[in-house]
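Structure record follows, encoded as structure tokens.
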Protein chains: 2
Amino acid sequence: MAQSTLRRADRVSGILERLATTGSVDATELAGEFRVSPATIRRDLQVLEDQRLLSRTHGGAVAVDVAYELPVRYRIGQHREEKALIAQTVAKLLPRGPLTLGLTGGTTTHLLARLLAERVDLTVVTNALNIAAELSLRPRLKLIMTGGVSRTQSYELVGPIADQALKGLNMAVAVVGVNGISVRGGLTTHDEIEANTNATMIRRADRVIVVADGSKVGKVYLAEICPVSDVTTLVTDASADPAGVEAIRRAGAEVIVVGG
Amino acid sequence: MAQSTLRRADRVSGILERLATTGSVDATELAGEFRVSPATIRRDLQVLEDQRLLSRTHGGAVAVDVAYELPVRYRIGQHREEKALIAQTVAKLLPRGPLTLGLTGGTTTHLLARLLAERVDLTVVTNALNIAAELSLRPRLKLIMTGGVSRTQSYELVGPIADQALKGLNMAVAVVGVNGISVRGGLTTHDEIEANTNATMIRRADRVIVVADGSKVGKVYLAEICPVSDVTTLVTDASADPAGVEAIRRAGAEVIVVGG
DNA sequence: AAGTTATTGCGCGTTAGTGCGCGTCTGCCG
DNA sequence: CGGCAGACGCGCACTAACGCGCAATAACTT
């Protein structure tokens, strides 16, 4: 079917998505794909270049490596494959049979939750609203939410209520999404209240698995959750800085690098 | 005309739902779908953009953050019209200005939450996942969830964690959905754990508004939440048994009968 | 029941997005 | 080194969406 409602926003998303996977795009090709004139594609590329989201070339454009300043929605798109791979790997790490699992917020943990949705004998403890909303539809697993105040930016419940709820629960495994992980800074995130809630969950878990795509390894953000020594396993992807990975290994954590 | 009661709130919900699934919407398309003029759709998009719930483009709008997609379920079953009317009535009962409001699970309370979504100066305390999922998108209101174990049937969080969280909170008004209400049986529901959680919320509220369509008046179910004397106001519809309504009035509660 | 407010639809002038044409330029290759 | 095909930038015209103001209607209040 010929899509009638392909506006600039859709084209821009498509261009960025393609750029994230293939690294470069061809203007004429894009024009044919979106059924618009090459002139329009050039204009699209122009606005994207103005936003430093790509670098134009003759005949098209190439990706530019400035992931950290991309809007969130495109950041997700860029690391989508890596996150999916990480989630699959974590799913395989989990023991079979009855299990109590803690999940913090984040896109990778959300993907993992989806993978686990069909499991039985699973109890999931989470403070992430999007994960809870999805898992609440599955009658076979037990879902426990921490309470707390909702953070609009991350769909996480945080604060004293969440901490209090977590203090009464014990988990065999906690899977934690973070913004940054490094030996010097430990696990870090943007928000100090969120950091505190995540720290509480980590303290209540026997095993701590951190999920972080390669761009987060070596990064340090405002709020520390806990030192790297509290981490049992880190699962990241091949784009991670090898030196940073090696340092975390020496600090005592198992590190699994997927892809590449 | 197919649907006479398509107000702004309904359109806004529909737009957001569509936006959550497709990532972008077309103004002309929406106008056709909701049977309103494009001008009206544009105004809807404007208010949503003001609330940072989407980003307008020429021809429509795009989601601000397509990374987190909350699966919103609309399974409003029977008595749809009555429930909508009841929710509208309750919305008008609430005082203007800053307010802390408790909401239990249920379709009527969910409809009410949607009506209140545009309010500012509102703090909502709820144990209902579907309500939280919808309100978490609204940056202007503060959302506090009780934790607890998820009941698949009702999207409610119940149990000791929920009770514990509620014990630390005080609400000016609690709006409670029940399965049955009668002078003899009090407020009742199917599940005794849910009843206990609802009872805790009622104890922490200055005013208690019960929402129950007519089919629930006079009914008694397994688990008692509290006696009718704890209720400030009951809002029901004209299909309620008049004798039952009168009995509840004599028991000291204000009863508002809508419709008919 | 009457007044008031909010919401919707329509017409107006204005603006953004798109496609086409033409002159210029890049990059390739003989 | 020089020519050539394709890509580029720029300007113009056309379409559709937009914002604004006004009037009609619906809804709510007193």
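Each chain gets a letter, A, B and so on, in the order the sequences are listed, and its residues count up from 1.
Atom CZ of A:Arg42 is separated from atom P of D:dG6 by 13 Å (rounded to the nearest Å). Rounded to whole Å, the distance from CD on A:Gln46 to P on D:dA7 is 18 Å. Rounded to whole Å, atom P of D:dA16 lies 16 Å from atom CD of B:Glu29. To the nearest angstrom, P of C:dT7 lies 16 Å from CG of B:Leu45. Atom pair B:Ile41:CD1 and C:dT8:C1' shows a separation of 12 Å (rounding to whole Å applied). Residue B:Lys92 contributes atom NZ, which lies 14 Å from atom P of C:dA6 at whole-angstrom precision. The CG-P distance, from B:Leu30 to D:dA17, rounds to 12 Å in whole Å. The CD-P distance, from B:Glu49 to D:dC18, rounds to 11 Å in whole Å.
In the set C:dG9, D:dG9, D:dC28, D:dG9 carries the atom at the smallest distance from any side-chain atom of A:Arg56.
With rounding to the nearest 0.5 angstrom, the NZ atom of B:Lys216 is 11.0 Å from the OG1 atom of B:Thr188. Rounded to the nearest 0.5 angstrom, B:Thr109 OG1 and B:Leu103 CG are separated by 6.0 Å. With values rounded to the nearest 0.5 angstrom, A:Leu157 atom CG is found 4.0 Å from A:Met145 atom CE. A distance of 12.5 Å separates CD1 in B:Ile209 from CD1 in B:Ile86, rounded to the nearest 0.5 Å. Rounding to the nearest 0.5 Å gives a distance of 6.5 Å between CG of B:Leu112 and CG of B:Leu101. B:Asn179 CG to B:Ile181 CD1: the interatomic distance, rounded to the nearest 0.5 Å, is 12.0 Å.
There is no side-chain donor-acceptor pair under 3.5 Å between B:Thr104 and B:Asn198.
Here the side chains of A:Thr108 and A:Asp213 are not in contact, with every heavy-atom distance at 4.5 Å or above.
Phosphate proximity of D:dG6 to A:Thr28: absent, as no side-chain N or O sits under 4.0 Å from OP1 or OP2. For C:dA16, neither phosphate oxygen OP1 nor OP2 lies less than 4.0 angstrom from any side-chain nitrogen or oxygen of A:Arg8. For the pair B:Thr40 and C:dT8, the criterion of a side-chain N or O lying under 4.0 Å from OP1 or OP2 is not met. Within the structure, a side-chain polar atom (N or O) of A:Arg11 is placed less than 4.0 Å from OP1 or OP2 of C:dT18.
Comparing the end axes of the helix from C:dA1-D:dT30 to C:dG30-D:dC1, each fitted to five base pairs by superposing C1' atoms of four pairs onto the next four, gives an inter-axis angle of 40° (nearest 10 degrees).
Here the shortest heavy-atom pairing between B:Met171 and B:Leu166 reads CE-CD2, 4.1 Å.
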Nucleotide N/O to protein N/O under 3.5 Å, stretch nucleotides 20-29 of chain C:
residue	atom	partner	partner atom	Å
C:dT26	O3'	A:His58	NE2	3.0

